[in-house]
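Starting from 1, each residue takes its place in the sequence as its number.
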Amino acid sequence: MTYVYVTGLRQEPDHVLGNFLRMTSLRKTVPDEDNNDKACILMNYSMQPIGLEAYGDGRSPKNGAAPENIELSESNKEDEPLKDDKPKKAEKKEGADLYFHDGIRRIDYILAYKKGDSEKDVRRAAKRHEFENNLREEGIELEVEDPEPSQDGSADGNTVFVKLHAPWEFLSRQAEVLKVKMPIKENDMEEPISILNCLKKIPSPFDLSEEFIKPEPKYFTAPFVREREDEFVMEDRESFFGMSQRNRMVHEILEKCRYDPDNKTKFGIDHMINNGSYVAAYPLHEGDYKSKHSMLTHGPQNDRHLLYEEWARPGRWYKYQPLDLISDYYGEKIGLYFAWLGFYTQMLTIAAIVGLVVFLYGCISLPFDPVVSELCEAKSWVNYTMCPQCNNRCTYWILESSCFYSQLTYLFDNGATVFFAAFMSLWATMFCEFWKRRQNELDYDWDLFGFEEQEENCRPEFEALAPDKRVNPITKLYEPYVKFYRRFPRFMASVLGIVFMIFLVLAAVVGVIVYRIAIKTAVAASGDAFISSQASIITSITASCISLVVIMVLQNLYDRIATWLTDLELHRTETEYEDSYTFKMYFFAFVNYYSSSFYVAFFKGSFPGNPSEYGKVFGLRQEECDPAGCLQELFVNLAIVMCGKQFFNNFIEIFLPLILNFWRSRTGRKEQKAGKGSYDQWEKDFDRSELGPRGLFKEYLEMAVQFGFVTIFVASFPLAPFFALINNLMEIRLDAYKFVTQLRRPYAARAQDIGAWYAILVSVGNFAVLSNACVIAFTSSFISREVYKYQFDKLEGYVDWTLSSFNTTFFEEGTGPDIDTYPDFADGGLNGTRVELCKYRGFVLGPNPPFDLKLDYWKVFAMRLVLVLVYEHVIFIVKFALEYMVPDMPDFVKNEIKRENYLAQQALEEITRKDMVAKRRSKMPDGEKGASASGYQ
C-alpha cells in the first residue's frame, strides 16, 4: 500500500480528493503540525492519480503546488517517485482552461483589460481596483491571469484576464433575489392524445438524433429559496445551477457594481468598457466546437461541440433545431429567437408551395392568354403607333415592342393573383396565432411566465439617472421614477428626431424618382433601337440598385440616432427600452425599405396626363407605365431590394466576423503551433467578435422586413415566399454557425416573448390586406379585364380598348418629338411620312380636344373601389374569426400551470404547518413536547 499526503486542504478533503483518484480503499483526515488538515489516502500501488491530468500546467488543486511537491511516505518514495528532475514544457490538457488554477472552481465570467503606464491608465487601474473589490464584497471570487509569457499569459503579452467564479453562497443568494425558478418535482402530467401528437411520433428525416439530443425531463418549478434548499431536485450544489444561469447571475452584479464610491452614476461593466478600464467582458464557451474524434464513436466533448455537429453544421440544414439545448447554452432570449425563426420558416413552406403553384399556373396559361397574344401581334404601324415616351428626343414606337413586358407581367398578374393575395392575408393571421400558442408552450417549458412582471429589475442607468422617487404600488417600497413633465420633453425630442429622419428618407425617394425620369428619358432617346426599347427595364434595375444602396446607408445612420434617442427617453426596464428602440427602428425601416415600392405600385403612372398636357414632377414630365402596366416594374424593384438586402446582410453577418476573427487570432495560433505557450479558451473567445447589447435586433429586423415583402406586396411577387424560404433555410444555419464558431458567448439573457416584434407582425399582416387589395385594384389589370369581359363577353380587343388616340398637332408646346415621321422600317408605305395619330395608355377621349376622361374610366374606377371595400371586409371578417377560433394557449399547458400552482400551494401549506408546530412546541414544557409533536405528524 502507498500513503499519499496532500497538504493545504482545509475543508471537505473527501470532496476535493475525489477529483484526484479513480478509486480509494481508505480515506481519513489527520491534523498536521500547522493545524492544517491533511488528507491521508490509502490507495493500491497500481492505482494512478488522475486529478492532475486535467491540469497539465503542473499545479495541484487549491494551493497551486506542483505535483512533485505531493508528499509520499518514506517507505515508498523510491517505489513511486513523482518528481522528475528533467524540466518539461507544461501542456494544458483539454478542458483545463475552463477552471481556475486549482482545477475545481469553474470560470463563470472573464474581464479583460490592457496594461499601460500613462496617467489615463493609472486612473483606469484605480477604477478597476475599486470595481474588483466591490465584486469580492458581493461574494465573487477572482483570479488574475498574468500577461507575461513566462506565466503562460496572453499572446500579445499586454492583455490581462481576470477570471470570475461564483461560489454557492453567491449563487443561492442571487437566485433568491432574481426569483430563479428551479425544479421541485418531476412533471407527472400525461401528454394529451391528439392527431398532431400522434403525427409527431412518426419518424422523419427532419428529426434530431436521439442518441445525442436526448429529450430533457420536465419538472414543475418554483422560485428558489435558500431556506427550502432541500425541497428542490438537487444532485449536488455544483451542478444545481446551469452555466447559463450562473453567468446570468454574475452579469447582473457586473451591471450594478460601482467603480467610484463618491458618484452613484459611476457603475456597471458597460461603463467600464466604454471608458477603457476594461476592453471586454464575456462568459466562456465550453471548449472547442470541433473534436479530433468522431462524435459517433466518442460522443460530444461538450455542449458547444454538440451544437455545432447537430445544429450549426451546414449539412444539418434540413433538421429541426435543438431548442432546449440552445436555450440552456445561450439563454432563453436567444432560444426564443431561433424558435421563432424556425417556426416562421416552417410556415413559409406552405406559402412558398402555393406561390410556386400560382407562378406555374401563369407560365402554363401564358400561351393561351388572348390579351398577351393581341399585344405581341400589334406590329402594324398604321394601328399601333405609340406616342413618344419623353419630350423632344424620343421617337414614335410600335406597341409590339412591349411584348416581353406583357409576358413578364402576366406571370404575376393572372387569374390566380387574387386568390393568392387572399391566401397570404389569412396565412399571416394563422402564422401569428399559431406562434402565440407555440410561444406559450416554450414560456412554460423554460419558466418564462411572469418574467417581465416578477423578475425584471430596473435598468442600472434608470436607477442612477431617474431624478424622482415614488412608492411602488406593488412592493410598497421606494423606487426611482421619472415624472410625466420630465418625460414629455424627452419623448417630443424623439418624435422630432424620427420625423426628421422620415423626411430624409422621403427626400432620398424623390431623388430616386428624379433619377428614374432622367435616365428613362436618356435611354429612350438612345439611337440604338434595342436599347431604347428596354428603357423601362434598364431604368427599373438601376433605380432599384441605387435605392438599395441608399436604404443600407440610411439604415446604419438611423441606427445610431435611434440609440441616442432611446437613451434619452430613460426607460425603466430593459424590455421597455428594447420595445421603444424596436418601434423607432422598424417605423424608419418600413418607410426606408418600402417607399420606393409604394411609389411604383401606387403613384407611378397614376397621373401622367395626356400628350396635350403631361403630368409633371418638379418641372419634369412624369414617367409613364408600360402599356402592359407597372406590375413588372414593381416585381423587379421588390426582387432587387429584397434579395439584395438579404445577400448583403448575410455577407456582413458571417464573412466579416470570419475575416476579423482570423486576423485577430493569428498571433495566438502561431505561438501555440510553435510550442511557445498555450492558446487558452479565454484568449480564443477574446479574439472573437462580440454580439453586442442588441445583437438580436438586427436579426429580428431583417426577418420583419422580409415578412413585409412577403405579405404587403405579395400580389405582385408570388415568388416572394419561395425566395424567403430559401433565404431562411440558409439564415438559420448561418446564424447558428455564427453563434457557435465566430462570436463570443453572450450572457444568457431572458425574455418572455419576442417583444414588440409580435405587435409589429400583426400590424403588418393587417396592413397587407389593404395593400394587396389596392395592388390588385389599381396596379394590376385584373379589374379592367373583368369590366371589359363583362361588357363584351370576351377579351379579344382588350388592348385597343385600353388605348387612347391623339392628334399629333395638339402636342403640348415643347414636348413634341424632334423627328415627327415614321421610321424607315415602318410598314404600309408609311416610312418617312409625318405621323398624324399616335396612341397612349389611358381612357381619354380623342384624338381631338377636349381630352376628357371616358365613361369607361369611371366604370373601372368604381369597380376598383368596390373590390377594395369587399376584399378587405371579407378578409378581415375571416381573419377575426380565425383569431377567435384559435386559443392562445393549449389546454395541456393550462393544466400544467394549474398543477404547478397547486404543488406550490401545497408546499407553502406544509411550511406553514411546520412553523406552527415549531412555535407550539417552543411554548410547551419539555416533557410535553414529544407527545404534542407526535400528534401533528
Side-chain angles (χ1 to χ4, degrees), residues 6-21 36-37 39 49-67 69-70 90 92-112 131-146 151-153 160-175 234-254 257 281-287 302-304 678 680-686 745 747-748:
V6 182
T7 60
L9 304 178
R10 298 180 179 275
Q11 296 178 355
E12 301 180 358
D14 286 349
H15 172 71
V16 175
L17 293 171
N19 293 326
F20 287 88
L21 307 175
N36 293 326
D37 288 341
I50 68 163
L52 300 178
E53 290 177 2
Y55 318 110
D57 57 354
R59 301 179 179 93
S60 66
K62 290 286 184 185
N63 60 359
N69 294 330
I70 297 179
K92 287 193 176 180
K93 300 296 182 179
E94 188 174 313
D97 50 2
L98 302 179
Y99 294 84
F100 278 22
H101 287 310
D102 59 20
I104 299 172
R105 291 176 291 174
R106 184 75 182 241
I107 299 174
D108 294 311
Y109 229 90
I110 291 289
L111 306 179
F131 187 78
E132 292 171 8
N133 281 342
N134 289 335
L135 288 178
R136 291 187 181 93
E137 290 180 2
E138 292 286 348
I140 295 179
E141 298 174 2
L142 282 67
E143 183 177 81
V144 178
E145 192 70 24
D146 196 293
Q151 299 294 326
D152 194 25
V160 180
F161 296 98
V162 182
K163 296 177 281 188
L164 276 58
H165 168 75
W168 170 258
E169 291 75 14
F170 169 84
L171 292 173
S172 59
R173 184 183 73 246
Q174 193 71 359
M234 180 190 303
E235 293 183 4
D236 57 75
R237 288 182 170 183
E238 293 299 321
S239 61
F240 184 57
F241 295 109
M243 289 305 299
S244 61
Q245 292 173 318
R246 294 172 68 101
N247 75 58
R248 184 189 306 129
M249 288 187 271
V250 173
H251 181 83
E252 185 75 17
I253 293 300
L254 291 174
C257 191
Y282 51 91
L284 287 182
H285 277 296
E286 296 182 10
N302 54 58
D303 284 347
R304 188 187 183 200
S678 60
D680 295 312
Q681 190 64 47
W682 52 79
E683 283 193 272
K684 294 176 184 177
D685 290 355
F686 178 73
R745 185 179 184 177
Y747 89 93

Practice problem: Test Leu135 against Leu254 for side-chain contact (heavy atoms from CB on, under 4.5 Å), laying out the working first. | Solution: CA-CA 8 Å; Leu135 288 178; Leu254 291 174; 3.8 Å; yes
Quiz item: So, are Glu143 and Lys163 salt-bridged, with charged N and O less than 4.0 Å apart?
Solution: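 So Glu143 pairs with Lys163 through a salt bridge.
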Return the minimal non-hydrogen interatomic distance between [X] and [Y], and the atom names on each side.
X	Y	result
His285	Asp685	N-OD2, 2.8 Å
Tyr109	Tyr747	OH-CB, 3.5 Å
Ile107	Asp97	CD1-O, 3.7 Å
Ala166	Val250	CB-CG2, 3.8 Å
Tyr282	Arg745	CB-O, 4.3 Å
Pro167	Ile140	CD-CA, 4.4 Å

Inter-residue atom distance [X].[atom1] - [Y].[atom2], 0.5 Å rounding:
X	Y	atom1	atom2	value
Phe170	Arg246	CZ	CZ	10.0 Å
Leu164	Leu111	CG	CG	5.0 Å
Glu145	Asp680	CD	CG	6.5 Å

Using a 4.5 Å cut-off on heavy atoms from C-beta on, say whether the side chain of [Y] contacts that of [X].
X	Y	answer
Asn247	Leu284	no
Glu252	Met249	no
Glu683	Phe161	yes
Arg248	Gln174	no

Quiz prompt | Gln245: partners by side chain to side chain donor-acceptor pair (under 3.5 Å), with sequence neighbours left out | solution =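 For Gln245 there are no side chain to side chain donor-acceptor pair (under 3.5 Å) partners, ignoring immediate neighbours.
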Quiz prompt | salt bridge (charged side-chain N to carboxylate O under 4.0 Å, His left out) partners for Arg106, two or more places apart | solution =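 For Arg106 there are no salt bridge (charged side-chain N to carboxylate O under 4.0 Å, His left out) partners, ignoring immediate neighbours.
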Quiz prompt | Residues in salt bridge (charged side-chain N to carboxylate O under 4.0 Å, His left out) contact with Glu132, at least two apart in sequence or another chain | solution =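 None.
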Exercise. Could you walk me through whether Phe240 and Leu171 pass side-chain contact (heavy atoms from CB on, under 4.5 Å), step by step?
Key: CA-CA 10 Å; Phe240 184 57; Leu171 292 173; over 6 Å; no
Practice problem: Indicate yes or no for a side-chain donor-acceptor contact from Arg304 to the backbone of Glu286 under 3.5 Å, with no hydrogens or angles considered. | Solution: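 Not at all, since once roles are kept as given, no pair shorter than 3.5 Å links the two residues.
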Practice problem: Return yes if some donor-acceptor pair links the side-chain N/O of Asp102 with the main-chain N/O of Ile104 below 3.5 Å, else return no. | Solution: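 Yes; at least one donor-acceptor contact below 3.5 Å.
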